[in-house]
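Let me begin by presenting the structure, written as structure tokens, before commenting on it.
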Amino acid sequence: RSLAQIEVDVQKVSAARGAVGRNTVNEARAVRLLAEYGFETSTFNRNFKLANLDGLVESYTDFVSYVDLPSLLERNFEEGASETKTKAENAAQNLYKKALDSRLEKDLASARSGLWNDIEQTLQHSSSKLDNFKATRVKKQQAVVSIDPDYFNVIKSFVTSGVNTNVDNPADALRRAVHDSDPHVAACFDLVAVLAYETSRNTNLIRAARRVLEKQFRARLEAKYPAIGSLRDSIALFLRTETPELADDDAGSSLGGSATLWPQIFFLLRCGAAGEALELLDQSYEDGGHYSGFLRNFVENEESLEEETLKELIQEYSLRVVRGSDTYQKACYILLARIDPLGEPYLSREDVHRLSKSVEDYLWLMMFCICTDEERLSVPKELQSHQLLLADLQAQIRGLGTQHFDPEGRRPFLFVWVLLLTGQFASSLEYLLAHGDVVNSVHLGLPLYYSKLLQTERQMVGRAEAKLFDYELLLDEYSSGLALSCPAEAVYYAFLIENRVKREELLLKILVEVKYVGVFLGRINEENVRIPGLLEELATERPELKLDLAELASAAAEKIASSGDPYTALEIYFLEENDAAALDLILPGMSLELFAQASFDRDQALSYSRRLLGLTQGKHSDQTRGKGLFMRKRRSLDVLVKVAQFLDLYRRNDKLRAWKALTEMEILPLHREELSNRVKDMAFGGSLRFDRLVTNVGGEIFAVAMDTLHTLLLKEQVEARKSKDNAARLRLQELEGVAKTMIAFGSIMKYNGAEVYSLPVLLGI
């Protein structure tokens, strides 16, 4: 059928439905109407969706939301590439339309993975920029479901212990949980641990990173050349072994002429031993110029030079040292001057290459020369153009990129380590995400997040355009991805978020998605004792987090109910003893299912209604304003449950028991003196006694009651004719009196139905 014809059919079906609630008669008409047009009610909805062309747009919207296509395009296309970006988006839409066209032959969910390959290929052909940080939301979602149990044990301990995050940091514990074969993974955690600790003690980031390199070099040097004497002996042995061209027996050094002075000074500084370098200068017979005084000022002035001393050092370097051929002597002067080693007229690239045998050597040289914000205050204006800033080194590292540090893509953590060392924390985590390593990105980012290094990166670099990384968003995505497969673990990761609003929003999202009420919120055991759930335990262990469990549970119940799962929401309300909310939720559901045929939903509605009535028995009895409203709704629910029982008996044709159940409800008048009160009670739109969900279906209840009464009257009339017993005539008279009262009630209430008009004829009144 055409879409237009289907829409006409649907309008007819809608018109056949009752105006209020679900009506058995009108539903039967709707089913017959569908049958006349050749539709099966069980498949009608699906067929309509397939025929509805607007569904294509809705499905594509769902698809874009599923894969987050806008984020994909934003990551892969820079500004100015809007035309290419539009072409790629159109290509993605066309591919998806093709997938939808074949949806009857192939399940759409299983087609998504193949579709993604097509889209990614399209994007690759559309832009060469895709190679840089090719992180997509889909890759994150695929990787985010994994969890490392050793990492998680650290997280669990960190969350439950309630440590002072201003002092304690999880980096050390996470480092011990690393099992990766790449040594740079552990090195990254070691580095972050040191940076977090040093910056917490107000140590400058650059100085802290440089000390890491110095300690690392010294440890390796002493391990490889374990001299019996001192560090200077190890350096001398190192120089003889690895730089034999520096050996000079006539140099007259303090080591018996085994090595020249300046290489020893340089490598002592490389080990972070400026004090020992000063001792060597004082003991040496070689001409060190005024460098001993410069170095002493550097040591005594907390590793910086006073302005006048800096001017003297630059003057001596320019007049004497720069003309020499000793690369190490030049380097020693440049290190104290804190100027760019590659600037003119300082070190050549060959000199830098000679001083830097490794990535670590080069980074140390450059970081030693970086001028901090405090040091810039004492730098003469004529030297400011020669300064090396952290932002300059960072730009240089980014320029070299992965082609230099990880050309084969096998050791991403080496580049991550370099990025961390140079204060590029956001870029380091983004790079891990680009490689699909969400697990390490989450756990490496945690100590950066708690130490505030991520949050203060922009200030430390001194550039407004420096990246900021939303680690809380990463935690949100990771926890959400874990929720279905590892719900308890997801909760622990959610508790890592420091922002209370965001933390509770994530917990709410996990609760709504997973719906494990017993696991998260607790349960009532067979002895009627409440067993606390995970959230209650964590709220008890971490009171400083001020988790409002009742508010969270209530919000979760509302969202779960609105998503079409009222019964899980009711379990939450029962657990939290939120009787009013439970009543507000179950009352409309019970009214809706009242006249339906036996079904799972009707059985569930009845079961939960009876359970709520039992839980609230004897509660809220005082008639204050709020509790009076509650009692009216509870009374209404009680009536609906009894009406449902009456209808079940009626459908089983057990009219006698059905009538008995009806007489116990006190909603219809059985005697003339009850008429006035029942008219008030059953007023359309609600009354003081009953909610509108009861009174608005009064006509339907009345119709079934009159049909039941009609059957009983016919039976009693037959019995009265056959029997000479006075009791039979009295029963008939009683029923006739009830019928007269009911007819009067129906007329006053203006209830429609053939039964109202047929009974007067039957009774002769």
Side-chain angles (χ1 to χ4, degrees), residues 183-184 186-187 190-191 193-194 198 203 206-289 291-292 294-296 298-300 302-303 325-336 341 347 351-369 414 417 421:
H184 288 98
D190 286 335
L191 175 59
V194 172
E198 292 292 342
T203 304
I206 301 168
R207 192 168 296 177
R210 197 190 79 217
R211 286 175 180 170
V212 169
L213 293 169
E214 290 168 351
K215 290 179 180 178
Q216 183 187 79
F217 180 80
R218 180 169 182 167
R220 291 177 182 174
L221 180 71
E222 292 180 333
K224 190 173 182 180
Y225 302 102
I228 299 175
S230 63
L231 173 62
R232 287 157 56 181
D233 294 332
S234 294
I235 290 175
L237 186 57
F238 161 76
L239 290 172
R240 291 193 199 101
T241 305
E242 301 196 18
T243 55
E245 70 277 6
L246 294 178
D248 183 3
D249 290 341
D250 298 326
S253 74
S254 62
L255 298 174
S258 60
T260 58
L261 173 67
W262 293 108
Q264 291 182 81
I265 299 296
F266 177 84
F267 283 107
L268 283 168
L269 293 176
R270 178 70 180 85
C271 291
E276 294 187 48
L278 185 59
E279 291 179 7
L280 175 60
L281 280 168
D282 291 339
Q283 297 170 8
S284 175
Y285 295 104
E286 289 190 47
D287 182 14
Y291 191 81
S292 176
F294 301 147
L295 184 58
R296 180 171 283 102
F298 179 84
V299 172
E300 293 175 352
E302 297 184 353
E303 298 190 357
S325 59
D326 194 327
T327 300
Y328 289 97
Q329 184 181 16
K330 293 179 184 178
C332 289
Y333 274 77
I334 288 171
L335 289 174
L336 299 193
L347 297 178
D351 289 335
V352 172
H353 180 71
R354 185 182 184 189
L355 296 169
S356 307
K357 302 296 184 182
S358 66
V359 171
E360 292 86 348
D361 289 341
Y362 178 79
L363 291 173
W364 174 82
L365 176 65
M366 302 304 285
M367 296 196 79
F368 202 113
C369 293
L414 173 59
W417 183 83
L421 191 74

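Here the structure is a predicted model, which is why all the values come from computation and not from measurement.
With hydrogens and angles ignored, the 3.5 Å screen pairs a side-chain donor or acceptor of Ser234 with a backbone N or O of Tyr225. At least one donor-acceptor pair under 3.5 Å links the side chain of Asp233 to the backbone N or O of Ser230.
Shown here for Ala273 and Arg218, the closest heavy-atom pair between the two residues is CB-NH1, 4.4 Å. Nearest heavy-atom pair, Val299 versus Ala274, reported as atom, atom and distance to 0.1 Å: CG2-CB, 3.9 Å. In terms of heavy-atom proximity, Cys271 sits nearest to Leu221 at SG-CD2, 3.9 Å. Closest approach of Leu421 to Ala209, counting heavy atoms only: O-CB, 3.4 Å.
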Before giving the answer on side chain to side chain contact (heavy atoms under 4.5 Å, CB included), spell out for Thr327 and Phe266 the whole-Å C-alpha distance, their side-chain angles and the decisive distance to 0.1 Å.
-> CA-CA 10 Å; Thr327 300; Phe266 177 84; over 6 Å; no
Can Tyr328 and Arg354 be said to form a side chain to side chain contact (heavy atoms under 4.5 Å, CB included), step by step?
-> CA-CA 9 Å; Tyr328 289 97; Arg354 185 182 184 189; 4.3 Å; yes
Going through the checks in order, is the side chain to side chain contact (heavy atoms under 4.5 Å, CB included) test met by Lys224 and Arg220?
-> CA-CA 6 Å; Lys224 190 173 182 180; Arg220 291 177 182 174; over 6 Å; no
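By the 4.5 Å heavy-atom criterion applied to side chains, Tyr291 and Leu336 are counted as neighbours. A 4.5 Å side-chain heavy-atom check between Leu355 and Tyr362 finds every atom pair outside the cut-off. In this structure, Arg270 and Leu365 have side chains that are not in contact, with every pair of non-hydrogen atoms separated by 4.5 Å or more. Within the 4.5 Å cutoff, no side-chain heavy atoms of Trp262 are placed close to those of Lys330. Residues Leu213 and Phe368 are not in side-chain contact: their nearest non-hydrogen atoms beyond the backbone lie 4.5 Å or more apart. By the 4.5 Å heavy-atom criterion applied to side chains, Leu268 and Leu278 are not counted as neighbours. Inter-residue side-chain proximity for Trp417 and Glu360 is flagged as met; some heavy-atom pair is nearer than 4.5 Å. No side-chain heavy atom of Glu242 sits less than 4.5 Å from a side-chain heavy atom of Lys357.
Atom SG of Cys369 sits about 8.0 Å away from atom CG of Leu347, to the nearest 0.5 Å. One finds the CG atom of Leu269 at 11.0 Å from the CD atom of Glu276 (value rounded to the nearest 0.5 Å). Here the NE2-CG distance, from His353 to Asp351, works out to 11.0 Å after rounding to the nearest 0.5 Å. Atom CD1 of Ile235 and atom CG of Leu239 lie 7.0 Å apart (nearest 0.5 Å). Taking CG of Leu335 as the start and CD of Glu303 as the end, the distance is 11.5 Å to the nearest 0.5 Å. The distance from the CD atom of Glu222 to the CG atom of Leu237 is 12.0 Å, given to the nearest 0.5 Å.
Below 30°, between 30° and 60°, or above 60°: for Tyr333 and Phe294 the angle between ring planes is above 60°, a perpendicular geometry. The aromatic rings of Phe217 and Phe267 sit parallel, their planes meeting at an angle under 30°, below the 60° perpendicular limit.
Applying the side chain to side chain donor-acceptor pair (under 3.5 Å) test to Glu214 and every residue at least two apart in sequence or in another chain returns Arg210, Trp364.
Salt bridge status for Arg207 with Glu302: absent, with no side-chain N to carboxylate O gap under 4.0 Å.
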